[in-house]
There are 2 protein chains.
Amino acid sequence: MYKVNGKEYQCSISIVQDIFNDKWKLGIIWHLMDGAKRYKELNEQVCDITQKTLTIKLRELEEHKIIQREVFAEIPPKVVYSLSHIGEKLRPILHAMYEWGIEYVKECGEFKEGATCESKLS
Amino acid sequence: MYKVNGKEYQCSISIVQDIFNDKWKLGIIWHLMDGAKRYKELNEQVCDITQKTLTIKLRELEEHKIIQREVFAEIPPKVVYSLSHIGEKLRPILHAMYEWGIEYVKECGEFKEGATCESKLS
DNA sequence: CTGCATCCTACATGATACTG
DNA sequence: CAGTATCATGTAGGATGCAG
């Protein structure tokens with residue numbers, strides 16, 4: 001039995017399931033793997049996400065301590081988000097997911113030209 | 001640009017996001033990593049899932065070719081589910097998620113006795 | 001630029017009962 | 001045993017406008 005963020009889980013895999021059970025968090029983390037980014041950059045790079053949803057998801061990731069939020073006292077405002085220590089440890093998992101996706105397309109789908117999302121496999 | 005299962009994706013990571021964006025699929029796959037299992041076994045082992053939802057998720061995983069469904073012509077009925085070739089390739093990813101979950105609890109949560117879900121890290 | 005406040009809807013999931 | 005059939009519900013997410 002594990003207890004995190006006020007919830008109880010039977011298995012550590014269900015923690016991961018629960019945290020990432022939405023449409024956006026993986027994509028946000030994926031883009032933060034480039035390095036720290038501003039709100040607007042994320043808004044542009046995470047395809048089709050609305051401002052409202054981006055804000056909510058960033059807050060959730062921050063509460064879960066997977067990302068950090070840094071505010072600069074400037075005009076106009078500047079806020080930068082980056083992966084935390086534990087967030088950084090997601091990197092190999094996201095890489096593996098990325099590669100699995102490629103494999104999956106090879107077996108079950110089609111590949112088209114013009115993929116816009118570079119691999120981040122530095 | 002990728003096209004799988006009738007949908008288009010900008011990035012292979014979004015394929016993975018889309019496929020596993022629900023409350024149950026990771027858990028189902030996790031339990032199938034033990035080996036092939038019957039409907040009832042899954043119903044018991046995937047905590048708190050209802051029959052209706054289990055059926056829906058198994059159908060989706062089958063459509064996506066991540067699991068296989070095998071029917072035995074017996075009375076009473078016997079149906080067995082198992083990971084497909086591409087499904088098997090999720091194994092290291094789930095393992096990594098499991099371990100990340102442990103790390104996450106160490107940093108951000110509490111550990112209690114009585115975790116019921118063995119690690120499957122044979 | 002970085003948000004928040006509303007309003008709204010679709011869909012994922014749950015509860016329960018039933019069947020070949 | 002392995003599912004369907006109904007009914008009900010919460011909430012994630014979208015659209016839009018406003019604010020410091």
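Every chain is numbered from 1 and lettered A, B, ... according to where its sequence line falls, protein lines coming before strand lines.
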Can you name the closest pair of heavy atoms from [X] and [Y] and give their distance?
{"X": "Leu83(B)", "Y": "Gln68(B)", "answer": "O-OE1, 3.8 Å"}
{"X": "Gly101(A)", "Y": "Ser12(B)", "answer": "CA-OG, 3.9 Å"}
{"X": "Ile13(A)", "Y": "Leu94(B)", "answer": "CD1-O, 3.4 Å"}
{"X": "Tyr9(B)", "Y": "Val4(B)", "answer": "CE1-O, 4.1 Å"}

For this session: Indicate if Leu54(B) and Trp30(B) have the same hydrophobic cluster label, given that clusters are the connected sets of ILVMFWY residues with side-chain heavy-atom separations under 4.5 angstrom.
Result: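 Both belong to a single hydrophobic cluster.
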
For this session: Please check if Ile102(B) and Ile66(A) belong to a single hydrophobic cluster, counting links between Ile, Leu, Val, Met, Phe, Trp and Tyr side chain heavy atoms closer than 4.5 Å.
Result: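 Both belong to a single hydrophobic cluster.
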
Taking only N and O in the side chain of [X], is any of them less than 4.0 Å away from OP1 or OP2 of [N]?
{"X": "Arg59(B)", "N": "dA2(D)", "result": "no"}
{"X": "Tyr81(A)", "N": "dG3(C)", "result": "yes"}
{"X": "Arg38(A)", "N": "dT2(C)", "result": "yes"}
{"X": "Lys40(B)", "N": "dA2(D)", "result": "no"}

Exercise. Taking for each residue the nucleotide of DNA chain C with the nearest heavy atom, is it Thr55(A) or Pro76(A) whose nucleotide lies nearer the 5' end?
Worked result: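 Looking at the nearest nucleotide for each, Pro76(A) comes out on the 5' side.
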
What is the distance, to the nearest angstrom, from the [atom1] atom on [X] to the [atom2] atom on [N]?
{"X": "Leu42(B)", "N": "dG3(D)", "atom1": "CG", "atom2": "C1'", "answer": "13 Å"}
{"X": "Asp18(A)", "N": "dT11(D)", "atom1": "CG", "atom2": "P", "answer": "13 Å"}
{"X": "Ile28(B)", "N": "dA12(C)", "atom1": "CD1", "atom2": "P", "answer": "14 Å"}
{"X": "Glu74(B)", "N": "dG3(D)", "atom1": "CD", "atom2": "P", "answer": "13 Å"}
{"X": "Gln45(B)", "N": "dA2(D)", "atom1": "CD", "atom2": "P", "answer": "12 Å"}
{"X": "Leu54(B)", "N": "dG3(D)", "atom1": "CG", "atom2": "C1'", "answer": "10 Å"}
{"X": "Glu41(A)", "N": "dC1(C)", "atom1": "CD", "atom2": "C1'", "answer": "12 Å"}

Problem set entry | Overall bend - the helix from dC1(C)-dG20(D) to dG20(C)-dC1(D), comparing terminal axes fitted on five pairs, nearest 10 degrees |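 Taking the rotation axis at each end, their angle is 60°.
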
Problem set entry | Summary of protein contacts for nucleotides 13-20 of chain C, nucleotide by nucleotide, where a base hit scores B, a sugar-phosphate-only hit scores S (4.0 Å, heavy atoms) | BBB----B

Problem set entry | Side-chain donor-acceptor contact under 3.5 Å, Lys37(A) with Gln45(A) |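 Looking only at side-chain atoms, Gln45(A) and Lys37(A) do form a donor-acceptor pair, the distance falling under 3.5 Å.
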
Problem set entry | Charged N-O contact under 4.0 Å between Glu41(A) and Arg38(A) |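 Arg38(A) and Glu41(A): not salt-bridged.
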
Problem set entry | Residues Glu107(A), Lys65(B): salt bridge by 4.0 Å N-O rule |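 Salt bridge absent between Glu107(A) and Lys65(B).
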
Exercise. Among Asp22(A), Val16(A), Asp18(A), whose side chain to side chain contact (heavy atoms under 4.5 Å, CB included) with Phe20(A) holds?
Worked result: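 When side chain to side chain contact (heavy atoms under 4.5 Å, CB included) is applied between Phe20(A) and each of Asp22(A), Val16(A), Asp18(A), only Val16(A) qualifies.
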
Exercise. Hey, can you pull the residues of residues 63-73 of chain A with a non-hydrogen atom under 4.0 angstrom from DNA chain C?
Worked result: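 Output list: Arg69(A).
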
Exercise. Are any side-chain N or O atoms of Thr53(A) and backbone N or O atoms of Thr50(A), one a donor and one an acceptor, separated by less than 3.5 Å?
Worked result: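 Judged by distance alone, no pair lies under 3.5 Å.
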
For this session: Can you label the angle between the Tyr39(A) ring and the Tyr81(A) ring as parallel, tilted or perpendicular, going by 30° and 60°?
Result: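 It falls in the tilted class, 30° to 60°.
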
